[in-house]
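All values derive from a computational prediction rather than experimental measurement. Chain naming here is simple, since letters A, B, ... match the order of the sequence lines and numbering starts at 1 in each.
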Number of protein chains: 2
Amino acid sequence: MINKNSPIPIYYQLEELIKDQIEKGDLKPGDALPPEREYAETYQISRMTVRQAFTKLVNDGYLYRLQGKGTFVAERKVEQGLQGLTSFTEDMRARGLEPGSQLINFEVIPAPVRIAKYLSIEESSPVYEIKRIRLADQVPMALETTYISAEKVKGLTKEIVNRSLYEYIEGTLGFRIDHARQIIESSVANQIESEYLSIKEGAPIMLIQRNTYLEDETPIEVVKSSYRADRYKFMIDMKR
Amino acid sequence: MINKNSPIPIYYQLEELIKDQIEKGDLKPGDALPPEREYAETYQISRMTVRQAFTKLVNDGYLYRLQGKGTFVAERKVEQGLQGLTSFTEDMRARGLEPGSQLINFEVIPAPVRIAKYLSIEESSPVYEIKRIRLADQVPMALETTYISAEKVKGLTKEIVNRSLYEYIEGTLGFRIDHARQIIESSVANQIESEYLSIKEGAPIMLIQRNTYLEDETPIEVVKSSYRADRYKFMIDMKR
DNA sequence: TACATATAGTTGTCTAGACCAATTTTATAC
DNA sequence: GTATAAAATTGGTCTAGACAACTATATGTA
């Protein structure tokens, strides 16, 4: 259950334990959790440590607290965080669709002025330009272009891109992606988009630009995507 | 500065104090804050209390911490929360535009099946239907229809809607809006939309549906909006 | 000079309590 | 039975420390 001698923090262990119980259905939405004092007693840990775990789970939308009444499992998790919102793969899986990808261009180019600005690098310094058609159940869903500084992220290859770009950036290179800014707008398909997405020219599309950053605001990537409006809706849950 | 005898929690007082310093520019992005122990010493409070304030500010995107180095002011605040994203008024002000509104319909109708479902009420039970043209700098920006259960939210009038709907729901009625789900899609203007928004039929528009909830998942309102794509982009910052 | 080592400073985790505030439950009085 | 009061329960805030993990700096040594 909880290992007090583990190098893994106790509050984190408790967090995962409760999340598991929620995901396995042992704790259902609306259920009251045992009181904080009981957890402290049961696991022989301080109540403050229990609160640290609870507080994190409340912030992440798993639980909510009512003073004098107790702590309860939230109806559904809001604010899934970046993962479900930035990774096309995860996004599609969450929608019950089989994600796919078709690389149509991979090269290092001198950074265009706009891209250089977003990435906080010199104009014309080298950037990877990765162009892909994103598929859902084998049907084109979006046309996506990713820009990454070749000086910050070294050693990128087609193979890595096809496997998992994020895993390489976070796992192998050790960057910790912290936050992102997304800009969403409506438009209509131009000739190139209509061709790649198998839709008519002038059909509605959703343009999404995502800039991702490390904790200290260092830009890591810029992604510009054109989604088929007939197949894609952008959904977001937010806590106040 | 900090009043230990105030009924206002110390951690909250410290939170506000630091936020003020950031907003006034006394603390600039990238600046290191005095260490936690110094705050504890200065204000004669426990370090854990300081950490409670810091943790909240980190979660809200004002600060970030680096173990062994210190705590720093974030570049810009991410995750503004619901306020800037749900209130048309605040949204427009943040963009430097003067918000306006033109009420075109206000009535109580029997809830259509789809709306009843979203609001978790019986079909045909009474709901307010509030239709407005939303203006920015006197020019139409969006066509917006709000649905609110007349049984949950009583006593709504045109005057309240024109003043501030949220203030009435939260202030007067005492509901605390906790979170929202938004669905965004791209489309093209139909005849009605093109007329109200002064755009051509077939011009791109952005459809946004927002469902807002209380802490215990009680639905409070459903808002369906059609934004002019030539004037509006949806922006969102998110922390991982 | 270059490199290893010690030291100090910082955040991260944790304890074992205390008292307060809100709510629910139980006991009491009528 | 019903209303009121008291007690118990629960989350909210706060303390005064302790030690761990990590970073930067100073120091000593080859």
Subject >> Nearest to side-chain heavy atoms of A/Met48, which nucleotide of C/dC14, D/dC14, D/dT10 >> reply: D/dC14
Original post:
Quick one: B/Ile45 CD1 to D/dT13 P, roughly how many Å, whole number?
Top reply: 14 Å
**OP:** Drop me the distance from A/Glu185's CD to B/Ile184's CD1, to the nearest 0.5 angstrom.
**Re:** 12.0 Å
Original post:
Rounded to the Å, how far apart are B/Tyr39 OH and C/dT10 P?
Top reply: 13 Å
Original post:
Nearest-Å distance, OH (B/Tyr43) to C1' (D/dT15)?
Top reply: 19 Å
Original post:
What residue among B/Tyr118, B/Tyr166, B/Tyr128 forms side chain to side chain donor-acceptor pair (under 3.5 Å) with B/Glu221?
Top reply: B/Tyr166
Subject >> Interatomic distance where NZ belongs to B/Lys69 and P belongs to C/dG9 [whole Å] >> reply: 18 Å
**OP:** Examine the side chains of B/Glu129 and B/Tyr147 and answer whether a donor and an acceptor come within less than 3.5 Å of each other.
**Re:** yes
Original post:
In whole angstroms, how far is the P atom of C/dA8 from the CD atom of B/Glu38?
Top reply: 19 Å
**OP:** Take the protein atom CD of A/Gln52 and the nucleotide atom C1' of C/dT15, then report the distance between them rounded to whole Å.
**Re:** 12 Å
Original post:
Does one side chain, of B/Tyr43 or B/Asn3, offer a donor that lies under 3.5 Å from an acceptor on the other?
Top reply: no
**OP:** Give the rounded distance in Å between these two atoms: CG of A/Asn3 and C1' of C/dC14.
**Re:** 15 Å
Original post:
Any idea which of C/dG12, C/dA22, D/dT15 is nearest the B/Gln67 side chain?
Top reply: C/dG12
**OP:** Let me know, please, whether A/Pro7 or A/Leu66 comes out on the 5' side of the other along DNA chain D by nearest nucleotide.
**Re:** A/Leu66
**OP:** Could you state the atom-to-atom distance from NZ of A/Lys4 to C1' of D/dC19 in whole Å?
**Re:** 14 Å
Subject >> OP1 or OP2 of C/dT10 under 4.0 Å from side-chain N/O of B/Thr71 >> reply: no
**OP:** Mind checking the OG1-CG spacing from B/Thr89 to B/Leu97? Nearest 0.5 Å is all I need.
**Re:** 12.0 Å
Could you go through residues 65-73 of chain A and list every donor-acceptor pair under 3.5 Å that involves a side-chain atom there, pairing it with any protein atom two or more places apart or in another chain?
residue : atom : partner : partner atom : Å
A/Arg65 : NH1  : A/Glu36 : OE2          : 3.4
A/Arg65 : NH2  : A/Thr55 : OG1          : 2.8

Original post:
Under 4.0 Å: is that the gap between some side-chain N or O of A/Arg47 and OP1 or OP2 of C/dT15?
Top reply: no
**OP:** May I ask you to verify if any side-chain N or O of B/Ser46 is less than 4.0 angstrom from the OP1 or OP2 atom of D/dG17?
**Re:** no
Original post:
Under 3.5 Å, is there an N or O donor on one side and an acceptor on the other linking the side chain of A/Arg37 and the base of D/dG11?
Top reply: yes
Original post:
Nearest to the side chain of B/Arg51, which nucleotide is it out of D/dC14, D/dG11, C/dG12?
Top reply: C/dG12
**OP:** Strictly below 4.0 Å, heavy-atom distances to any atom of DNA chain C: list the hits from residues 8-23 of chain A, or just say none.
**Re:** A/Pro9, A/Ile10, A/Tyr11
**OP:** Taking the six-membered ring for Trp and the single ring otherwise, decide whether the centroids of B/Tyr11 and B/Phe54 are under 6.0 Å apart.
**Re:** no
